[in-house]
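Since the structure comes first, as structure tokens, the remarks are kept for the end.
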Amino acid sequence: MLIGVPREIAAGEKRVATVPDVVEKLAKLGFTVAVQSGAGDAANFADDTYRAAGAQVLPSAADIWSTADIVFKVRPPTPEEVALMREGQTLIGFVWPAQHPELMQQLQAKGATVLAIDCLPRQLSRAQKMDALTSMAGISGYRAVIEAANAFGRFFNGQITAAGKVPPAKVFIAGAGVAGLAAIGTAANLGAIVRANDTRAEVADQVKSLGGEFVKVDYEEEGSGGGGYAKVMSEGFQAAQRAMYAQQAKDADIIITTALIPGKPAPKLITAEMVQTMKPGSVIVDMAAEQGGNCELTVPGEAVVRHGVTIVGYTDLASRLAKQASTLYSTNLLRLTEELCKTKDGVINVNFEDDAIRGLTVVKEGALTWPAPAPKLPAAPAAKPAAAVAAPKASSHGHGPGEPMSAKTLAIVFSVGAVLFALVGAYAPASFLSHFTVFVLACFVGYMVVWNVTPSLHTPLMSVTNAISSIIAIGALVQIAPPLDTAGAANRPNTLILAMAVIALVLTAINMFGGFAVTRRMLAMFRK
């Protein structure tokens, strides 16, 4: 089958649905690929790079639509593009069926099979490799911070210079989904003080792990919705949230909003009154601008200045990193194609038994199949009844696993230990008894030290312990240069003992210096 990739005609769209590296991988699955001339120019993929990868380069969009069996696209097709489609053609790309009912009717009339990458059931772990929404959201979150830094006109990180002290920028991020987390990480890496809020309380740890501070709304309500999205909150929560946003707006230098629920208008989080309270020169980047925006003063597709605040409402943030976005998006489509063509014979199979494929398919051979039923998630393992749990078998010592010793067993153990110590004290040399006591205490102390250390630090701890515990070096030195006897003559050891002492000294030196070197390298891994 032939996969066709037309040039995107939406205003400002620079992405392309496949890249030369992916063309080669599609060929290994048995497909041939045709790309419209100039389709990758805006993303820095020239026609010659596609030819070198084995793709055909056709002169016009009409040539692509008229010859391809499968069409890869980024943006939903326009009515003009739908008019170019052949009967029974397969379309794969962003479609947004809830927002484009007329487009859905046109695609049905063409008898097409349409796989909307935006309808992927994201709750399926095996679907993550095909999740283009996550790929694009991560890029958009990163780019939002770059746009904010460009409009801000000041450093993000604090600095102390000869000309004076520069305070760090304060960034507030509304929404800690994929885009929000990408923005948090980017802003924190640039040195800003980052605060974030989300209706889902479980993301607080993720915010903190990226270097941000989670700002909690003073209202108890769970905000998790289906498919990894947040849900629409109650009016009481929204009122408390607005009060918190008003306070953050007065303090923040930059606000980045990401709140968006698919199929619904963007919630208004930043009011005109909040904008007026912001410091002159502040910046708002509204990532929900395409759906109306989270700020009341956002103008979709433009950057405007209101009350001294720059409000960035660009709707093409991912496209502003066209090469990176195209590479990730085309990889997502490649993974989807691998699921559609497991036989690697260049023929796709839209298998409705596969929950991921079923969720993606919004039209099949002209029949509307959207919305898809909820995917069948694996059931949680049933808890075993209390009666079914077998009682732990008592050991020969009179106690089961995890149970303390009985008084009788404990008395026997202490009695045997006491007899052994008595024998050692009666027959062993005095020097052995002192060394043995030190050995027992060292084992006890070493056990307590290691088991009270965070597991992630066990390797650095053990390496430095090896280094500083190499008392063998002292013993080896004593053997090599023994003390003088009472007559003033040196007690020279025999050749075998001397050789063993030298070898022990060499190995101990390696252990000591190597231990400290390993410790230093391991601890460096925990530093930012």
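All values derive from a computational prediction rather than experimental measurement. Hydrogens, waters and symmetry mates play no part in the numbers below; they use all other heavy atoms, side chains included.
- L26 approaches L334 most closely through the heavy-atom pair CD2-CD1, 3.8 Å.
- Taken to the nearest 0.5 Å, the OG1 atom of T361 stands 6.5 Å off from the CD1 atom of I357.
- More than 12 heavy atoms of other residues, nucleotides or ligands sit less than 6.0 Å from atom CD of E235.
- For the pair R15/R75, a side-chain contact is recorded, criterion being any heavy-atom separation below 4.5 Å from C-beta on.
- Rounded to the nearest 0.5 Å, atoms CG (L115) and CD1 (I348) are 7.0 Å apart.
- Side-chain contact of T78 with E80: a donor-acceptor pair under 3.5 Å is present, judged by distance alone.
- A salt bridge is absent between R358 and D355: the closest approach of a Lys/Arg side-chain nitrogen to an acidic carboxylate oxygen does not fall below 4.0 angstrom.
- Contact annotation: the side chain of N189 never approaches that of F156 to less than 4.5 Å [non-hydrogen atoms, C-beta and beyond].
- Counting heavy atoms from C-beta outward, L120 and L133 have side chains that stay 4.5 Å or more apart.
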Evaluation steps, salt bridge (Lys or Arg N to Asp or Glu O under 4.0 Å), between K28 and E24: CA-CA 7 Å; K28 292 179 182 178; E24 297 176 354; over 6 Å; no
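- The two residues C119 and V362 come nearest to each other via the heavy atoms SG-CG1, 3.8 Å.
- A 4.5 Å side-chain heavy-atom check between F72 and T337 finds at least one atom pair inside the cut-off.
- Considering every non-hydrogen atom in both K14 and A322, the closest pair reads CB-CB, 3.6 Å.
- The closest side-chain heavy-atom distance from V16 to Y50 is below 4.5 Å.
- At most 12 heavy atoms of other shown residues, nucleotides or ligands fall within 6.0 angstrom of atom NZ in K344.
- Looking at K364, its side chain does come within 3.5 Å of a backbone N or O of V350 through a donor-acceptor pair.
- Classification of the W96-F94 ring pair by plane angle, with boundaries at 30° and 60°, yields parallel.
- Of the possible donor and acceptor atoms, none in the side chain of Q206 sits under 3.5 Å from a partner among the backbone N and O of L181.
- For the atom pair M287 CE and L260 CG, the distance stands at 9.5 Å (nearest 0.5 Å).
- The backbone N or O of E365 lies less than 3.5 Å from a partner atom in the side chain of T113, making a donor-acceptor pair.
- Remark: Y142 OH is loosely packed, at most 12 non-hydrogen atoms of other residues, nucleotides or ligands lying under 6.0 Å away.
- The closest donor-acceptor contact from the side chain of S140 to the backbone of L317 lies at 3.5 Å or more, if one exists at all.
- In this structure, E13 contributes its side chain and S319 its backbone to no donor-acceptor pair below 3.5 Å.
- With a 4.5 Å cut-off on side-chain heavy atoms, V35 and F45 do not count as touching.
- Residue R7 comes nearest to E81 through the heavy atom pair O-OE2, 4.3 Å, listed as atom of the first residue, atom of the second, then distance.
- The structure places CD1 of I284 at 7.0 Å from OG1 of T298, a figure rounded to the nearest 0.5 Å.
- Here the OG atom belonging to S135 is positioned 12.0 Å from the CE atom belonging to M130, to the nearest 0.5 angstrom.
- The minimum heavy-atom distance linking A259 with N294 is given by the pair O-ND2, 2.9 Å.
- Of the possible polar contacts, none joining the R306 side chain to the A272 backbone as a donor-acceptor pair under 3.5 Å is found.
- Under a cutoff of 6.0 Å and an axis angle of 45°, K208 and F214 do not form a cation-pi pair.
- Under 4.0 Å is where a charged nitrogen must lie from a carboxylate oxygen, and between R320 and D316 at least one such pair does.
- Within the 3.5 Å criterion, the main-chain N or O of W65 finds a donor-acceptor partner in the side chain of Q89.
- Annotation: cation-pi geometry not satisfied between R195 and F172 (NZ/CZ under 6.0 angstrom from ring centroid, within 45° of ring axis).
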Test side chain to side chain contact (heavy atoms under 4.5 Å, CB included) on H100 and V95; report intermediate values, then the result. CA-CA 8 Å; H100 300 104; V95 177; 5.7 Å; no
Test log, rule side chain to side chain contact (heavy atoms under 4.5 Å, CB included), inputs V207 and I184: CA-CA 7 Å; V207 171; I184 291 167; 3.9 Å; yes
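- Contact check for V299 versus I311: no side-chain heavy atoms found under the 4.5 Å cut-off.
- Summarising the geometry, atom OG1 belonging to T315 is positioned 11.0 Å from atom CG belonging to D286; distances are rounded to the nearest 0.5 Å.
- In this structure, K268 contributes its side chain and G293 its backbone to a donor-acceptor pair below 3.5 Å.
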Go through R335 and T331 one step at a time and tell me if the side chain to side chain contact (heavy atoms under 4.5 Å, CB included) criterion holds. CA-CA 6 Å; R335 301 307 173 205; T331 301; 4.1 Å; yes
Apply side chain to side chain contact (heavy atoms under 4.5 Å, CB included) to residues I146 and L321 and explain how you reach the verdict. CA-CA 11 Å; I146 302 303; L321 285 170; over 6 Å; no
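- For the pair L29/E338, a side-chain contact is recorded, criterion being any heavy-atom separation below 4.5 Å from C-beta on.
- A salt bridge between E339 and K129 is present, with a side-chain N of the basic residue lying under 4.0 Å from a carboxylate O of the acidic one.
- In plain terms, the two heavy atoms of Y329 and G93 that are nearest each other are OH-CA, 3.2 Å.
- Using modelled atom types, no side-chain atom of S326 and backbone atom of K323 make a donor-acceptor pair closer than 3.5 Å.
- Of the possible donor and acceptor atoms, one in the side chain of T258 sits under 3.5 Å from a partner among the backbone N and O of A174.
- Within a 6.0 Å radius of CD in Q247, other residues, nucleotides and ligands contribute 12 heavy atoms or fewer.
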